[in-house]
Amino acid sequence: MPTANKFSVSRYAPERGPMARLTARDSVLRRLDWPILFSSLALSFLGALLVWSATRNRTSLNQGDPYYFLARHALNTGIGLVLMIGTVWLGHRTLRGAVPVLYGLSLVLILAVLTPLGATINGAHAWIVIGGGFSLQPSEFVKITIILVMAMLLATRVDAGDLAHPDHRTVVKALCLAAAPMGIVMLMPDLGSVMVMVVIVLGVLLASGASNRWVFGLLGSGVAGAVLIWQLGVLDEYQINRFAAFANPELDPAGVGYNTNQARIAIGSGGLTGSGLFKGSQTTGQFVPEQQTDFVFTVAGEELGFLGAGLILVLLGVILWRACVIARETTELYGTIVCAGIIAWFGFQSFENIGMTLGIMPVAGLPLPFVSYGGSSMFAVWIAVGLLQSIKVQRPLSA
C-alpha cells in the first residue's frame, strides 16, 4: 500500500497551464513574496552604487567611461528581472519536466569551457567569451541545475505517495547526477563554485528526508576528498597560496596576502557610518583589487560603514528567512527541496564572500549575490528568485 505523506500530489487539482491555479481574485501579484522581491531589488541597487564607486576612477577597467560598470550592472539586473518573470510564468512544475534538457545543456556548456572556447579570467579557466565585452560563466547555472535535477529525483516517488522518504537507490542516482558537473567544474579548476555545490547537495539531502547516514557519509568523504586533492596537486598554485594566506595572513603581506589585508583595512576604516559614498580612501586609491566583484563588500564597509554593511546582511537575511517560510508552507517535497537548495546556495556563498573580506574564510573567488558585478551570477540568482516566487505563487489555494 502507498505510504501517505504530507507531500502527496493528490492535494493538488489538475494543472491547466503554468498559471492554472490563479484566479482574478487570487492574482499573481497578490501571491508574490514581496519581501524577497524588494530585498533582491534593494541589494541590486546597493550593488550598482558600490560597483560604480569602485570602478568610476579605474580607467584601466572602465575604458575611460566612469559609468561603464554602472550601466552594465543595471543591464544585468534588468535581464535578471526578465529571467525571474519568465521563470514565474513558466512555473517550477513546468520546469520540472524540462530538467533533463536543462541538465544536458549545463553539461555541454561546462564541457565547452575545457575546449578552446574557454577563457581564463582571474586565474580560473571557467569562462566562455561571447564577444562585445561579454562572457559567460556556466558554473553559475550549474548550481540551479543540480538543485532541480536532485529535487526531481528525490521527490518523484514521495510526491506520488509511494514512499515517505527517498530510498537509497534514488539517493545514489541523485548524487551521481550531481557529481558529474561538479567533477567537470573541479577540472577548470573552480574550487569556489565546487564548494558552493557541495553545500547545495548537503542542503538538498537534509531537506529531502534522506537518511542522515548519507549526510554524515558525504561530510566524511568531503574531508577525505579535500586531503586527496591537496596531496595529488590538483589545485593550481594560486589556489594553494590563497589557503596559505588564510592560515597565515602575515605570510606574504605584499603578495598573496595583499588582497585580504587591504580588505580588512578598508572595512575597518569605515567605522559606524562610513566615510561617505565615493569618499573612501582605500576605494578611491584603488588599493583593493577586484573590488567590483569578489571584494565589493569592502566598499560598503568603508563608505557606508557598519550600518550600511549591516543593511546588506539584513536584506540577505530577509531573503533567506522568506525562502524558509516558502519551503515550510509548500505541500510538495519538490518545492521544499528546491527552496532548501537555494537557501544553502545563497547562505553559504554570502558567508564565504563576506567572510573572506573579514579574514575568517579563505579567498575563493565567489561573488556576493545581487551585489557583485557579473552577468552570469546576476542571471542565476534572479532565476533562483523566480523559482522561489513560483513555488509561493503556485502552492495550493487551500495551503
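On a predicted model such as this, the values are computed, not experimentally measured, just so you know.
- Judged by distance alone, the side chain of T170 and the main-chain N or O of P166 form no donor-acceptor pair under 3.5 Å.
- Classification of the F370-W382 ring pair by plane angle, with boundaries at 30° and 60°, yields perpendicular.
- In this structure, the side chains of Q349 and P367 come closer than 4.5 Å at one or more pairs of heavy atoms.
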Test L109 against F141 for side-chain contact (heavy atoms from CB on, under 4.5 Å), laying out the working first. CA-CA 10 Å; L109 286 175; F141 302 101; 5.6 Å; no
Stepwise, does the side chain to side chain donor-acceptor pair (under 3.5 Å) test hold for E302 with T283? CA-CA 8 Å; E302 181 182 27; T283 301; 2.8 Å; yes
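- Between P138 and V113 there is a side-chain heavy-atom pair separated by less than 4.5 Å.
- V363 places none of its side-chain heavy atoms less than 4.5 Å from the side chain of D294.
- The same ILVMFWY cluster, assembled from side-chain heavy atoms under 4.5 Å apart, contains both I184 and I128.
- Of the inter-residue distances, the one linking L46 atom CG with L41 atom CG reads 11.0 Å to the nearest 0.5 angstrom.
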Go through it in stages, so that I can follow the logic: the residues are T357 and V288, the test is side-chain contact (heavy atoms from CB on, under 4.5 Å), and I'd like the CA-CA distance, side-chain angles, deciding distance and then a yes or no. CA-CA 10 Å; T357 65; V288 184; over 6 Å; no
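- R56 places no side-chain N or O within 3.5 Å of a backbone atom of P66 that could act as its donor or acceptor partner.
- Between L117 and A112 the shortest heavy-atom distance is CB-O, 3.7 Å.
- At least one donor-acceptor pair under 3.5 Å links the side chain of N76 to the backbone N or O of R72.
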What do the steps show when you test Q291 against R58 for side chain to side chain donor-acceptor pair (under 3.5 Å), and what is the final call? CA-CA 11 Å; Q291 206 169 14; R58 301 199 177 196; 3.2 Å; yes
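- For the atom pair CE of M186 and CG of L191, the computed distance is 5.0 Å after rounding to the nearest 0.5 Å.
- One N or O on the side chain of S269 and one on the backbone of A266 form a donor-acceptor pair closer than 3.5 Å.
- To the nearest 0.5 angstrom, C324 atom SG is 11.5 Å from E329 atom CD.
- For the pair V142 and M197, the minimum side-chain heavy-atom distance is below 4.5 Å.
- Counting heavy atoms of neighbouring residues, nucleotides and ligands inside a 6.0 Å radius, atom CZ of F45 does not exceed 12 of them.
- Formation of a donor-acceptor pair under 3.5 Å by the Q389 side chain with backbone atoms of D33 is found in this model.
- Under the 4.5 Å side-chain heavy-atom criterion for ILVMFWY residues, a single connected hydrophobic cluster contains both V172 and L175.
- Inter-residue side-chain proximity for V371 and F297 is flagged as unmet; no heavy-atom pair is nearer than 4.5 Å.
- Across all non-hydrogen atoms, the minimal contact from E303 to G280 is OE2-N, 3.2 Å.
- Criterion: ILVMFWY side-chain heavy atoms under 4.5 Å apart, direct or through other members. Under it, V82 and L90 are not part of a common hydrophobic cluster.
- Rounded to the nearest 0.5 Å, atoms CD1 (I342) and CD1 (I319) are 11.0 Å apart.
- Side-chain atoms of S53 do not come within 3.5 Å of backbone N or O of L49 as any donor-acceptor pair.
- Not one N or O on the side chain of E290 forms a donor-acceptor pair closer than 3.5 Å with the backbone of G365.
- Checked by atom type and distance alone, the side chain of N62 never pairs as donor or acceptor with a backbone atom of Y68 at under 3.5 Å.
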So T298 and Q282, side chain to side chain donor-acceptor pair (under 3.5 Å) or not? Walk me through it. CA-CA 9 Å; T298 62; Q282 290 291 111; over 6 Å; no
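- Listed by first and then second residue, the salt bridge (charged side-chain N to carboxylate O under 4.0 Å, His left out) pairs that reach into residues 167-183 are R157-D167, sequence neighbours excluded.
- Across all their heavy atoms, P369 and F346 have their closest contact at CG-O, 4.5 Å.
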side-chain contact (heavy atoms from CB on, under 4.5 Å) evaluation trace for V201 with M182: CA-CA 11 Å; V201 170; M182 289 170 60; 4.1 Å; yes
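- Of all heavy-atom pairs spanning I200 and G341, the tightest one is CG1-O, 3.8 Å.
- Two residues are said to be in side-chain contact when any heavy atoms from C-beta on lie closer than 4.5 Å; T156 and R96 meet this criterion.
- Residues S350 and L368 are in side-chain contact: their nearest non-hydrogen atoms beyond the backbone lie under 4.5 Å apart.
- Between H168 and V171 there is no side-chain heavy-atom pair separated by less than 4.5 Å.
- Nearest heavy atoms, F295 versus P289: CD1-O, 3.6 Å.
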CA sep, side-chain torsions, deciding dist, call: N261, F287, side-chain contact (heavy atoms from CB on, under 4.5 Å): CA-CA 10 Å; N261 287 333; F287 290 105; over 6 Å; no
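- In this structure F38 satisfies the ring-ring contact (aromatic ring centres under 6.0 Å, His included) test together with W34, sequence neighbours excluded.
- Here the straight-line distance linking atom CG of D190 with atom CG of L366 works out to 7.5 Å at 0.5 Å rounding.
- In this structure, the ring-ring contact (aromatic ring centres under 6.0 Å, His included) partners of Y67, at least two apart in sequence or on a different chain, are W52.
- Although no hydrogens or angles enter the test, the distance criterion places no donor-acceptor pair under 3.5 Å between the side chain of S390 and the main chain of G386.
- Note on V325 and V393: separate hydrophobic clusters, where clusters join Ile, Leu, Val, Met, Phe, Trp and Tyr whose side-chain heavy atoms are under 4.5 Å apart, directly or indirectly.
- Between L320 and G347 the shortest heavy-atom distance is CD2-N, 3.8 Å.
- Annotation: the span from L316 atom CG to N353 atom CG amounts to 9.5 Å, rounded to 0.5 Å.
- Listed for the S376 side chain is a donor-acceptor partner under 3.5 Å among the backbone atoms of Q137.
- Grouping the Ile, Leu, Val, Met, Phe, Trp and Tyr side chains by contacts below 4.5 angstrom, directly or via other members, places I85 with I36.
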